Number of protein chains: 2
Amino acid sequence: MIIFFIEVKDLPESWKDVFHRFNKKATSSRRAILEVFEEKGQHLSAEDVYEHLRAKKKKVGIATVYRNLDLLLRMGILRKVNFGDGREHYEMIRRAARFHHHLICTRCGQVVDCEEMTQEEEEFLQHLRKELEQRQGFVIHSYHIYFYGLCPRCR
Amino acid sequence: MIIFFIEVKDLPESWKDVFHRFNKKATSSRRAILEVFEEKGQHLSAEDVYEHLRAKKKKVGIATVYRNLDLLLRMGILRKVNFGDGREHYEMIRRAARFHHHLICTRCGQVVDCEEMTQEEEEFLQHLRKELEQRQGFVIHSYHIYFYGLCPRCR
DNA sequence: ACCTCAATGAAAAATATTATCATTTTCCAT
DNA sequence: ATGGAAAATGATAATATTTTTCATTGAGGT
Ligand SMILES: [Mn+2]
Ligand SMILES: [Mn+2]
Ligand SMILES: [Zn+2]
Ligand SMILES: [Zn+2]
């Protein structure tokens with residue numbers, strides 16, 4: 001019985017292994033931050049994360065939030081997105097979820113994820129990427145497309 | 001003779017007309033800022049512009065630089081680009097120059113313009129844009145592709 | 001259980017951007 | 001050209017965001 005209890009408690013936390021792989025400690029702050037992203041979704045600023053943590057009665061200093069957002073970024077767990085509102089936002093990169101772009105309303109700031117990508121689109125971007133790698137001598141790890149316009153309510 | 005002189009002096013300054021069209025005054029600060037972009041090229045931060053102005057002995061307050069970068073942005077003369085370095089950069093949108101994307105080295109921060117776009121690429125992006133407009137109900141005015149990776153020296 | 005060093009919190013500092021307001025400049029009507 | 005209204009500017013203060021500092025805490029290996 002006790003063994004069973006331990007198992008179900010530890011199983012969802014393969015984050016522990018991820019941190020270990022990076023020689024980083026799986027601290028409660030780090031887990032709590034990841035939990036916020038898993039529960040509260042995308043496009044969170046440092047302040048957003050900080051507020052969500054407070055709401056959950058998990059006290060984490062704002063400096064620690066910044067430090068760990070940067071760490072998770074370097075670990076490839078988060079990616080940084082910029083919507084031109086003067087602060088950085090982060091979202092989780094899930095292997096499960098499709099890669100996506102962003103559609104931004106330049107009037108009200110609304111952000112929409114563009115998830116569906118056709119096979120054709122996928123191929124095209126791979127092609128463009130290869131071409132750029134050759135032309136510029138870069139190794140390209142990722143890309144990000146932002147579309148700007150007016151949302152249904154603002155147009 | 002005099003008429004000729006006036007003509008060649010005023011001709012390059014159709015900026016005057018542009019400002020007039022927007023009911024904005026063609027002040028010396030604004031012209032000086034545009035001159036910096038014409039001479040010093042792309043990817044300038046507010047501070048960069050400010051420094052270039054000082055170097056040219058043209059004294060413009062930093063607040064005025066910020067105000068006018070924003071104005072030129074709204075007028076569609078500049079576009080804002082973000083390379084994840086904590087400050088906003090601006091570059092001129094020239095009808096003459098080709099639209100371009102950016103390739104960013106995530107280690108050293110180097111930024112490369114990707115200018116050449118094939119007919120195929122152009123068509124593809126128009127297609128994607130149309131599709132998104134339908135699907136999301138947005139009107140899309142522009143887009144921007146960022147590629148991230150390692151530059152030849154950092155790879 | 002102990003020990004070491006990474007991680008953290010609180011606060012100060014550094015950066016970047018925006019707001020305020022008195023003064024100056026532009027530009028339009030005379 | 002001159003005068004005047006209104007916009008634009010400069011200096012500075014204020015705000016917002018992110019980073020640094022450093023004493024204390026806690027994670028994880030032994
Ligand atoms: Mn997203
Ligand atoms: Mn560019
Ligand atoms: Zn909108
Ligand atoms: Zn590099």
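Throughout, protein chains are lettered first and strands after them, A, B, ... in sequence-line order, and every chain is numbered starting at 1. Heavy atoms only: backbone and side chains are in, while hydrogens, waters and symmetry mates are out. It should be emphasised that the depicted structure is a prediction, and the values quoted were computed from it without experimental measurement.
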Report summary line: B/S/- along nucleotides 11-16 of chain D (protein heavy atoms under 4.0 Å) is B-----
Report task. Would you give a per-nucleotide map of nucleotides 25-30 of chain D, 5' to 3', where B means the base has a protein non-hydrogen atom under 4.0 Å away, S means only the sugar-phosphate does, and - means neither? Result -> -BBSS-
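Ring pair A:Tyr50/A:His52: centre-to-centre distance not below 6.0 Å. The six-membered or imidazole ring of B:Tyr143 lies near that of B:Phe99, with a centre-to-centre distance under 6.0 Å.
Look at B:Arg74 and B:Asp70 and you find a salt bridge, because one of the NZ, NE, NH1 or NH2 atoms lies within 4.0 Å of a carboxylate O, short of that distance.
Side chain of A:Ser29, nearest nucleotide from D:dG10, C:dG9, C:dA16: C:dG9.
Between B:His43 and B:His100, the ring planes are tilted. Angles from 30° to 60° get that label.
To the nearest angstrom, P of C:dA7 lies 13 Å from CG of A:Asp70. Between the CE atom of A:Met75 and the P atom of C:dA7 there is a distance of 10 Å, given to the nearest Å. Distance B:Asn23 CG to C:dC28 C1': 12 Å, rounded to the nearest Å.
B:Ser45 and B:Asp48 share a donor-acceptor pair across their side chains, judged by distance under 3.5 Å alone.
Between A:Thr64 and the phosphate of C:dG9, there is a side-chain N or O to OP1/OP2 separation shorter than 4.0 Å. For D:dT18, one of the phosphate oxygens OP1 or OP2 lies less than 4.0 angstrom from a side-chain nitrogen or oxygen of A:Tyr66.
Note on B:Glu88: only backbone sugar-phosphate atoms sit closer than 4.0 angstrom, heavy atoms only; bases stay farther off.
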